[in-house]
Amino acid sequence: MTPTATRELLLSRIRDVADYPKPGVMFKDITPLLADPAAFTAMTGALAELSVRHGATKIVGLEARGFILAAPAAVRAGLGFVPVRKAGKLPGATLSQTYELEYGSAEIEVHAEDLRAGDRVMVIDDVLATGGTAGASLELIRRAGAEVAGVAVLMELGFLGGRIRLEPALRGAPLEALITI
């Protein structure tokens, strides 16, 4: 399937939900895409191919929908999968990173032993919005001693400016979006 055909298939399976989670927001629901085996397979294949092309040795998935996309992409690419979770959800020794939200802050964690020097890590998530979570994950990866292979998302909400905010944290690593809205 060509990249254009893949993009059209994926886009056709994303449903708009008006006024969710609050009035004035147009939520992009990916559950119809996940429920369609052809679309889910095409998305998984595209994310796996990006990971291999950029020389990843592991894939990090960001909680929670990033897990759904990253785990099958890792299996398809023959790479390890590492979850990055909200603080307090992982047992054992963790590295944590705090980042700013529009109102307040949040914290994410990774198991300290899951990433090490020599790893090249592709970060996968469902949506790039403001770039806060992705940026924090890049810091975690580097603090663990690993290298960032890139960031890949199903959908980039270009109007929110996440790419521009994330650019400094990428330090030249690629940012790939299967769909840009």
Side-chain angles (χ1 to χ4, degrees), residues 1-86 89-90 106 108 110 114 120-138 141 148-163 165-166 170 173-181:
M1 185 176 287
T2 68
T4 301
T6 298
R7 181 184 182 284
E8 291 305 316
L9 173 61
L10 300 179
L11 204 49
S12 76
R13 300 304 188 274
I14 296 172
R15 175 178 56 172
D16 286 344
V17 179
D19 298 321
Y20 182 83
K22 61 183 185 180
V25 173
M26 181 63 73
F27 184 77
K28 300 293 184 183
D29 181 14
I30 67 167
T31 58
L33 185 157
L34 300 174
D36 180 313
F40 195 18
T41 298
M43 178 196 64
T44 300
L47 292 171
E49 189 276 326
L50 287 171
S51 299
V52 169
R53 181 173 359 125
H54 293 300
T57 59
K58 289 188 179 168
I59 292 177
V60 155
L62 304 182
E63 188 166 340
R65 288 179 296 206
F67 297 170
I68 299 167
L69 281 59
V75 169
R76 179 115 177 230
L79 304 174
F81 168 74
V82 178
V84 167
R85 307 250 5 229
K86 294 174 183 167
K89 301 287 184 177
L90 292 171
I108 56 174
V110 67
D114 289 347
R120 283 187 45 81
V121 182
M122 178 65 80
V123 175
I124 293 181
D125 204 3
D126 63 328
V127 174
L128 176 65
T130 62
T133 308
S137 73
L138 299 179
I141 290 164
V148 174
V151 176
V153 295
L154 166 60
M155 187 175 13
E156 178 181 352
L157 304 179
F159 59 91
L160 292 176
R163 181 177 290 268
R165 283 189 203 91
L166 191 57
L170 285 167
L175 169 58
E176 305 265 8
L178 300 182
I179 299 167
T180 301
I181 297 174

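Only heavy atoms go into these numbers, but all of them, side chains included; no hydrogens, no water, no symmetry mates. FYI, the numbering just counts along the sequence from 1.
- Here M43 contributes atom CE and I68 contributes atom CD1; the two are 8.5 Å apart, rounded to the nearest 0.5 Å.
- Here CG of L34 is found 5.5 Å from CZ of F40. Values are rounded to the nearest 0.5 Å.
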message = Under the criterion side chain to side chain contact (heavy atoms under 4.5 Å, CB included), I'd like the reasoning laid out for V123 against I141: C-alpha separation, chi angles, the key distance, then a yes or no.
response = CA-CA 9 Å; V123 175; I141 290 164; 3.3 Å; yes

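- Here the shortest heavy-atom pairing between R15 and T31 reads NH2-OG1, 3.9 Å.
- Within a 6.0 Å sphere centred on OH of Y20, heavy atoms belonging to other residues, nucleotides or ligands number 12 at most.
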CA sep, side-chain torsions, deciding dist, call: E156, I181, side chain to side chain contact (heavy atoms under 4.5 Å, CB included) = CA-CA 6 Å; E156 178 181 352; I181 297 174; over 6 Å; no

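- For R76, there are no salt bridge (Lys or Arg N to Asp or Glu O under 4.0 Å) partners at least two apart in sequence or on another chain.
- Applying the salt bridge (charged side-chain N to carboxylate O under 4.0 Å, His left out) test to every pair with at least one member in residues 51-62, sequence neighbours left out, gives these pairs: E49-R53, R53-E176, K58-D119.
- Counting heavy atoms from C-beta outward, L50 and L178 have side chains that approach closer than 4.5 Å.
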Sequence neighbours left out, cut at 3.5 Å: what donor-acceptor pairs do the side chains of residues 1-11 make with other protein atoms?
| residue | atom | partner | partner atom | Å |
| --- | --- | --- | --- | --- |
| T2 | OG1 | A5 | N | 3.0 |
| T6 | OG1 | T2 | O | 3.1 |

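- Identified under the salt bridge (charged side-chain N to carboxylate O under 4.0 Å, His left out) test for residues 30-46, with sequence neighbours left out: R13-D36.
- Of the inter-residue distances, the one linking L154 atom CG with I14 atom CD1 reads 4.5 Å to the nearest 0.5 angstrom.
- Counting all heavy atoms, side chain and backbone alike, L90 lies closest to P83 at CD1-O, 4.5 Å.
- Pairs passing the side-chain hydrogen bond (donor to acceptor under 3.5 Å, both in side chains) check and including a residue from residues 59-74, sequence neighbours excluded, read E63-R85, R65-D126.
- Shown here for S137 and I108, the closest heavy-atom pair between the two residues is N-CD1, 3.6 Å.
- The side-chain contact (heavy atoms from CB on, under 4.5 Å) check on V127 picks up A129, M155, L157, with sequence neighbours excluded.
- In this structure, CZ in F81 is found 10.0 Å from CG in D114, a value given to the nearest 0.5 Å.
- Exactly one residue among D125, V110, T133 makes a side chain to side chain contact (heavy atoms under 4.5 Å, CB included) with V84. That residue is V110.
- For the atom pair CG (D19) and CZ (F27), the distance works out to 13.0 Å, reported to the nearest 0.5 Å.
- Inter-residue side-chain proximity for S51 and I124 is flagged as met; some heavy-atom pair is nearer than 4.5 Å.
- Atom CD1 in I30 sits 10.0 Å away from atom CD1 in I179 (nearest 0.5 Å).
- Summarising the geometry of M122 relative to A56, their closest heavy-atom pair is CB-CB, 3.9 Å, with the distance given to 0.1 Å.
- A74 and G80 make their closest contact through CB-O, 3.9 Å (heavy atoms, listed as atom of the first residue, atom of the second, distance).
- The heavy-atom pair separating A73 from A48 by the smallest distance is O-CB, 3.5 Å.
- Side-chain contact between V82 and V121 is absent, with no heavy-atom pair separated by less than 4.5 Å.
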